K.L.:
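I am attaching a structure below and will ask some questions about it afterwards.
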Amino acid sequence: MASVMSFPTRIVYGRGAIKELTNELKRAGATRPLLVTDKGILSAGLLRFVTPLLEQAGIKPQVFSEFEANPTERDALRGIEAYRAAKADSVLGVGGGASLDMAKAVALLVNHPPPLGQYDDAKGGDARITQPVPPIVQVPTTAGTGSEVGRSTVLVIDGTKTVLFSPALMAKAAILDPELTVGLPPFITAATGMDALTHNLEAYVAKGDHPLADAIAIDGLRRIALHLKRAVENGKDLEAREQMLLGSAFGAIAFQKGLGACHSVAHALTPVAGTHHGLANSLMLPAVVSFNRSAAEQRFADAAVALGADPKMSVAERAHLCAELVDDLRGACGLPRRLSQAGVKREMIPQLVEKALADACHQSNPRPVTQVDFERLINEAF
């Protein structure tokens with residue numbers, strides 16, 4: 001059976017990379033972008049890195065920021081109204097995963113009518129994405145989702161986190177500048193960093209054959225293991241911030257191979273319990289690693305080395321250590337270790353199980369996951 005590997009996103013990265021923004025917009029054919037960013041970016045004043053550059057190039061973009069921390073279809077419909085009112089020809093996303101996902105959702109709606117649920121990847125909706133999508137340029141201000149290089153957007157539709165997927169949603173350019181991430185508070189740095197770690201780890205052990213994704217995922221794990229704690233402890237550590245941005249992007253590149261059961265539960269925790277997505281992954285990952293270990297022992301042994309294990313240990317010892325290394329890292333970053341410590345109530349478990357089972361991510365999990373398995377995993381993490 002033939003496999004396909006594609007890594008086409010143009011990535012401009014490094015300290016001061018944001019200065020290339022107008023060149024990248026021009027290269028993408030974007031002359032009147034709608035600037036999509038969240039209220040947190042506005043209040044933190046981070047557009048000071050962006051707006052002067054645009055104004056110097058004669059670009060005066062309209063700003064759209066009317067969306068939730070976990071964007072919904074209704075938010076996206078407001079966004080397309082803003083796009084049309086601005087007579088925009090492109091979309092510029094600046095911010096964390098919510099902003100970058102919203103930028104893609106707005107771009108999708110330009111030539112694809114609602115409801116957005118018809119484009120649900122789990123239901124084959126990618127086949128409906130057939131019309132041109134306007135140019136998208138993405139500027140992340142967190143190191144977590146890697147949405148800037150991803151080919152999907154995640155929205156809450158009818159109370160369920162829904163993945164809309166198409167290569168057409170890929171950005172024409174992603175600009176990774178660590179100076180835009182130095183102001184992130186420790187919790188957000190830690191939670192988004194654990195999201196990036198989960199992307200890399202789940203992609204590496206996912207079913208399927210994708211040597212490029214595997215190599216990138218292992219490298220992403222190594223960068224995150226070395227630099228996440230540093231970035232949490234000293235937000236001005238530019239080397240750590242830069243390496244975390246790369247680790248985050250690598251995770252999103254790698255997970256085109258697939259994700260796993262951890263993300264299925266995380267996608268349930270956000271709409272049911274309001275849990276931050278990165279924190280949700282962090283809370284579930286050790287339990288899922290332990291559950292999957294027997295189905296991908298060599299892979300978890302390799303991942304453990306990237307996370308700091310002694311390569312001289314046996315395969316079984318390293319694979320067994322992997323969950324402990326993940327647990328140690330999240331603890332060192334100050335994150336809670338139990339669902340019960342993060343506002344999740346035991347009475348939510350049946351609904352969490354139902355949504356996790358319906359989520360498509362666990363289809364590429366290295367070990368099949370049943371309803372009973374999800375119940376056990378969530379109770380174990382509780």
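We number each residue from 1, following the sequence as shown. Source: prediction; values computed, not measured.
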K.L.:
Please determine, by modelled atom types, if K172 and S90 share a side-chain donor-acceptor pair under 3.5 angstrom.
P.N.:
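Not at all, the side chains of K172 and S90 share no donor-acceptor pair under 3.5 Å.
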K.L.:
Report the relative orientation of the aromatic rings in F255 and H263; use parallel for angles under 30°, tilted for 30 to 60°, perpendicular for over 60°.
P.N.:
tilted
K.L.:
Between Y204 and R299, is there a cation-pi geometry (under 6.0 Å to ring centre, at most 45° from the normal)?
P.N.:
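Output yes; distance and angle both within limits.
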K.L.:
Do the side chains of L42 and V139 join up, straight or via other hydrophobic residues, at under 4.5 Å, putting them in one cluster?
P.N.:
yes
K.L.:
Using modelled atom types and a 3.5 Å cut-off, is there a donor and acceptor pairing between side-chain atoms of T270 and backbone atoms of T275?
P.N.:
yes
K.L.:
Is a side-chain N or O of S248 found less than 3.5 angstrom from the main chain of G146, in a donor-acceptor match?
P.N.:
yes
K.L.:
To check you understand the geometry: which heavy-atom pair defines the closest contact between A342 and L283, and what is its length?
P.N.:
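So the minimum-distance heavy-atom pair works out to CB-CD1, 3.7 Å.
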K.L.:
Taking all non-hydrogen atoms of both residues, which atom of E24 and which atom of V137 are closest, and how far apart?
P.N.:
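Minimum heavy-atom separation between E24 and V137: O-CG2, 4.4 Å.
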K.L.:
Students often mix this up, so state it plainly: with edges at 30° and 60°, are the rings of H362 and F374 parallel, tilted or perpendicular?
P.N.:
perpendicular
K.L.:
Tell me, please, which residues at least two apart from T370 pass side-chain contact (heavy atoms from CB on, under 4.5 Å).
P.N.:
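T370: side-chain contact (heavy atoms from CB on, under 4.5 Å) contacts with V372, D373.
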K.L.:
Which of parallel (below 30°), tilted (30 to 60°) and perpendicular (above 60°) describes F64 and F67?
P.N.:
tilted
K.L.:
Check the side chains of S166 and R128 for a donor-acceptor pair under 3.5 angstrom, ignoring hydrogens and angles.
P.N.:
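Note: R128 and S166 side chains miss the donor-acceptor criterion.
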K.L.:
Give a yes-or-no answer on whether the side chains of D89 and T31 include a donor-acceptor pair shorter than 3.5 Å.
P.N.:
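Indeed, the side chains of D89 and T31 share at least one donor-acceptor pair under 3.5 Å.
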K.L.:
Would you tell me whether T198 and D195 have side-chain atoms, one donor and one acceptor, within less than 3.5 Å of each other?
P.N.:
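The criterion, which ignores hydrogens and geometry beyond distance, is not satisfied for D195 and T198.
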